[in-house]
Structure formats: C-alpha cells, structure tokens
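In what follows, a structure is listed as structure tokens, so that the remarks can point back to it.
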Amino acid sequence: MLSQETRTIIKSTVPVLEEHGTAITTVFYKNMFEAHPELLNIFNHANQKQGRQQAALANTVYAAAVHIDNLEAILPAIVQISNKHVSLGIKPEHYPIVGEYLLKGIKEVLGDAATDEIINAWAEAYGVIADAFIGVEKDMYANMETQENGWSFFKDFSIARKEKESENITSFYLKPVDGKNVPAYQPGQYISVRMAIPGEQYLFNRQYSLSQAACEDEFRISVKRDADNDPNGRVSVYLHDEMNVGDRFEVSAPAGEFVLDTEKDTPVAFVSGGVGITPMMSMFETVATLTPERPTAFLHAARNESLHAFDKDIQKHVAAMANANYKTLYSDQPQGYITQAILEEYVDITGDVYVCGPVPFMEAMIQQLSALGMKEEQIHFEFFGPAVALQTV
Ligand code: HEM
C-alpha cells in the first residue's frame, strides 16, 4: 500500500512526466537497449524506430499511476496489454529492468527537478503497477499451459501449405513440429511469430490474427506483403518471398481479447478494411459453422478486386447461411467507400458489430456506427500495432 504522501507526489508529477514524455521514453529505451541488447529480440525494432511503442509503454505507466489507489478500475486495459505481453513471452524478471531504465530516464531528463523523493515515489508506484501486470500474466501463462495441447512462450511450427489469397495477401497454414494438435482458440485471437532472418542481428516478432475458425491440427495466418522499404514490413516480405512449405519458425499460443461472443444468436456484423479482414474471417467462419441461422452482415473495403482476399470463401458461406448479407466496396472506384448509409442498410443496430482495419478506417466506422445509435458495448474493435495507451486506460 502506498503512503498518502507518495500518492500525492505521484499524482502531482504525472503532468510533468507527460509533458516530457517523448524525451524520457527516448532516453529510457536508448539506455535500456544499450545495457540489455538481448531485449531487442523481444521488442519490435520498427516500432522503436518510429517511436510508437515508446509512447505506449511509458504513457501507460503514468496513466496507471493516476489510478494507483484502485488499479481494479483499469484492469481491462491491463488485461489487453498483458495479452500482448504473454503472446511475446514477457517474463516477471523483465519488469525490474524496464523499471530501472524508466526511472533513470526520468532522472536524466528532469535533472535536479527529479528529487530523491520523487524518484522514490515513482519506484514504489512502478513496483505496484508491475506487480499487477505480473499477476495477470502469471494466470494467463498458467491457463495456456493447462489448456489441452497448449503451451506457454514459443514452440516450433512448420509451414504445411502456402496459398495466395490476393495480389498482396498470402495464407500460411502452420502445424506444430512435435506432431501435436493445436489448442482450441477463440475467433479473433492472434499469435506471435518469432523468427531469425538471415543477415539480421536480432530476432523478429510479429502478431498475426488467426484467419480461420478454430481447427484441430493447424493454425492459419494470412499475411499482407508490405512494401520492401517499410521497416515494419521485414517479416511480411521475408514470409512472402523466402518462406515455403516445410520451413519453420516459432509461434506463441493464441491470445487476445477481440473475440466473437459465440454464445449469442443476435444479429452480428463484420466490417473490415484491407488486411483487417483476417480476424473477421475467423469470426465469420465460426458463425457460418456454429450458428448459420444468425442474422449476419459482412462489409468489406478493399482498394480493388485484385487486392480483395477471401471473396469466394465468403460468398460460399453466405450462400449456405439462412440470413447473411455480404457487400464489398472498392475504393479505387467512384463511391467505393463504406458510408453511413451503407452501414445503416446492412448493420442491424440492435446487435453487435466487429470492426477491424487501418486506424482512419476504424475511426470513421466507429463514429458512423455510433451516429446510427449503436452503444460502445455493441461496437468491438482492435487496432493493429500498439494500442494508443491513454485511450485504453
Ligand atoms: C507492448 C505497457 C512492461 C515489452 C506494450 C503496450 C503497452 C505496454 C501499453 C502496447 C500494447 C499493444 O500493442 O496493444 C507496459 C507497461 C509495463 C510494461 C505499463 C510496465 C508496467 C513491459 C516489459 C517488457 C515489455 C517489462 C519486456 C521487457 C513489451 C513489448 C511490447 C509491449 C515487446 C510490444 C510492442 C513492441 O514490440 O514494440 N506494453 N509494458 N513491456 N511491451 Fe510492455
């Protein structure tokens, strides 16, 4: 339990830390990776270069500190981040390292303004926040280990099939090298892949949504090939260009909270843009298989026909379902956007809607669905890439 004095110091210094946020986190990561280069096997190097994850981690520590009296209130945000952490194999022993360098970053940037009193208060608060994460993650790892065919951290998988879905999206069917089946997962969950790329010093980790309904003996991910010069695209380019049937890499067990509620039979709509279609495929196939009577709409936005993945698969399912509608819009064509009028026509606003795609697409969809009268709890979404920390907390 933090003393009242410590809490007062924490709350009064949050605005200062936020103000110097970028400077502190830049120093923090630079020093941490100099002292612990092995952590570059875990962190996404492209996010580091772009400064995105920098902001996410430290901002969340500050935001959590505001709720230090009642961390329960931000448990949903902790759980969401912890899903990402367990997918990446973050361990309890990593927390003191992050804490040490975050505090050193604060001290270095604030100089004399960061008195011992302030630093000690933050050290204490960080410890409380870290313990909350470690506790949640311990339970998640335990669940992964006890689930049938489950595991924690990473295990070897090999590519069983590689199938082109569109001009720039290819599916990889993955089977465990130990010959076991895969655990049942919830539609919408993702895995992390971890691989060594020849010529690169550190391992690469990326998360990919599972793109088919749970299947006993394999996972499927469907990967968009990014541009050659996109630093974030290194893994996707390597997968597309260099990895073939029989090749191996490591995979973590399914994680993530952006999942379909399979218990419901009320109307459901899937709204996706570009490669955001991948978690939708898993959810939609699950509805088509388990509850084909469920009123279902699928709206998809792609640039053009050649970049449109899974069209035939979706059409096949729709034809076999009692009450499903499907529409695709191509943004290269006039009026090729999902407008509020189209949402109104297809989405039953008494049900649930799942949205996934690029950030501006999602923002537009969420705003329009809200304008149609859907409530926050009916609109489910997941941003690709680091969550914008202060929005989630
Ligand atoms: C991702 C917060 C500790 C490694 C994240 C994200 C947040 C966050 C907000 C983005 C989540 C998302 O993408 O959805 C925190 C907080 C921590 C903490 C508040 C301490 C209390 C750690 C530790 C490690 C770690 C100890 C490992 C040394 C990562 C990695 C990612 C991540 C690798 C994925 C993003 C990337 O690769 O750049 N964390 N984190 N975090 N965190 Fe943490």
Side-chain angles (χ1 to χ4, degrees), residues 10 14 17-18 21 24-26 28-29 31-33 35-68 71 74-103 105-106 122-138 140 153-154 189-194 202-209 231-232 234-235 252 255-258 279 356 359 362 381-393:
I10 294 295
V14 164
L17 298 187
E18 279 175 350
I24 293 171
T25 45
T26 307
F28 149 51
Y29 278 107
N31 292 343
M32 184 169 79
F33 291 137
H36 292 277
E38 75 281 2
L39 292 181
L40 286 166
N41 290 313
I42 305 180
F43 281 86
N44 176 339
H45 326 154
N47 283 352
Q48 295 310 315
K49 283 185 193 135
Q50 292 160 2
R52 289 195 298 175
Q53 160 63 12
Q54 260 112 325
L57 196 160
N59 281 348
T60 306
V61 173
Y62 309 149
V66 174
H67 299 273
I68 198 84
L71 285 178
I74 57 159
L75 197 59
I78 295 180
V79 168
Q80 193 215 327
I81 298 163
S82 289
N83 268 282
K84 185 64 88 53
H85 282 165
V86 296
S87 172
L88 284 158
I90 306 301
K91 296 183 171 157
E93 56 265 35
H94 290 133
Y95 280 85
I97 304 177
V98 163
E100 178 185 345
Y101 287 93
L102 188 58
L103 289 173
I106 294 175
W122 274 98
E124 227 184 302
Y126 176 82
V128 172
I129 296 163
D131 283 348
F133 276 87
I134 292 168
V136 169
E137 287 160 22
K138 190 172 163 234
M140 286 180 174
F153 304 103
F154 287 91
Q189 288 195 304
Y190 57 80
I191 55 169
S192 289
V193 306
R194 180 165 81 172
Y202 298 106
L203 298 175
F204 279 75
N205 294 276
R206 287 292 182 281
Q207 284 76 50
Y208 293 108
S209 298
N232 214 359
R234 194 74 183 85
V235 174
S252 65
E257 291 235 292
F258 174 60
C356 192
V359 173
M362 305 231 309
F381 58 91
E382 180 171 75
F383 284 107
F384 279 166
V388 184
L390 288 174
Q391 261 185 9
T392 58
V393 177

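As the structure lists them, so they are numbered: ligands from 1, and atoms in each ligand from 1.
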>> Working to the nearest 0.5 angstrom, can you tell me the gap between I106 CD1 and T25 OG1?
In response: 10.5 Å

> Within a strict 4.5 Å, meaning less than it, do heavy atoms of the F28 and V98 side chains meet?
Replying inline: yes

>> For N/O/S atoms only: which one belongs to H85 and is nearest atom 43 (Fe) of ligand 1?
In response: NE2

>> Could you go through R206 and N232, starting from their C-alpha distance and side-chain angles, then the distance that decides it, and tell me whether this counts as side chain to side chain contact (heavy atoms under 4.5 Å, CB included)?
In response: CA-CA 9 Å; R206 287 292 182 281; N232 214 359; 3.5 Å; yes

> Are side-chain heavy atoms of F258 and C356 found at a separation under 4.5 Å?
Replying inline: yes

>> Nearest 0.5 angstrom please: S252 OG to Y190 OH, how far?
In response: 8.5 Å

>> For ligand 1 and K84, I'd like to know whether there is a polar contact (N/O to N/O, distance under 3.5 Å).
In response: yes

> Do any nitrogen or oxygen atoms of Y95 come within less than 3.5 Å of a nitrogen or oxygen of ligand 1?
Replying inline: no

> What part of I90 sits under 4.0 Å from ligand 1 if we count only heavy atoms: the side chain, the backbone, both or neither?
Replying inline: side chain

> Would I10 and Y62 count as a side chain to side chain contact (heavy atoms under 4.5 Å, CB included) if you check the C-alpha gap in whole Å, the side-chain angles of each, and the deciding distance to 0.1 Å?
Replying inline: CA-CA 9 Å; I10 294 295; Y62 309 149; over 6 Å; no

> Between L57 and ligand 1, which residue portion shows a heavy-atom distance shorter than 4.0 Å: side chain, backbone, both, or neither?
Replying inline: both

> Near H94, which atoms of ligand 1 are under 4.0 Å from a heavy atom of that residue?
Replying inline: 26 (C), 27 (C), 28 (C)

Tell me which donor-acceptor pairs under 3.5 Å the side chains of residues 123-135 have, and how far apart each pair is, sequence neighbours excluded?
| unit_1 | atom_1 | unit_2 | atom_2 | d |
| --- | --- | --- | --- | --- |
| Y126 | OH | Y95 | O | 2.7 |
| Y126 | OH | G99 | N | 3.4 |

>> At less than 4.0 angstrom from any non-hydrogen atom of N44, what atoms of ligand 1 do you find?
In response: 36 (C), 37 (O), 38 (O)

> Roughly how far apart are S87 OG and F154 CZ, rounded to 0.5 Å?
Replying inline: 6.5 Å

> Which atoms of ligand 1 have any heavy atom of F133 under 4.0 Å away?
Replying inline: 19 (C), 21 (C)

> Evaluating non-hydrogen atoms only, which member of I78, L88, N83 is closest to atom 34 (C) of ligand 1?
Replying inline: L88

> For atom 7 (C) of ligand 1, which candidate among L102, I81, I97 holds the nearest heavy atom?
Replying inline: I81

> Just which atoms of ligand 1 are under 4.0 Å from any heavy atom in V98?
Replying inline: 23 (C), 26 (C), 28 (C)

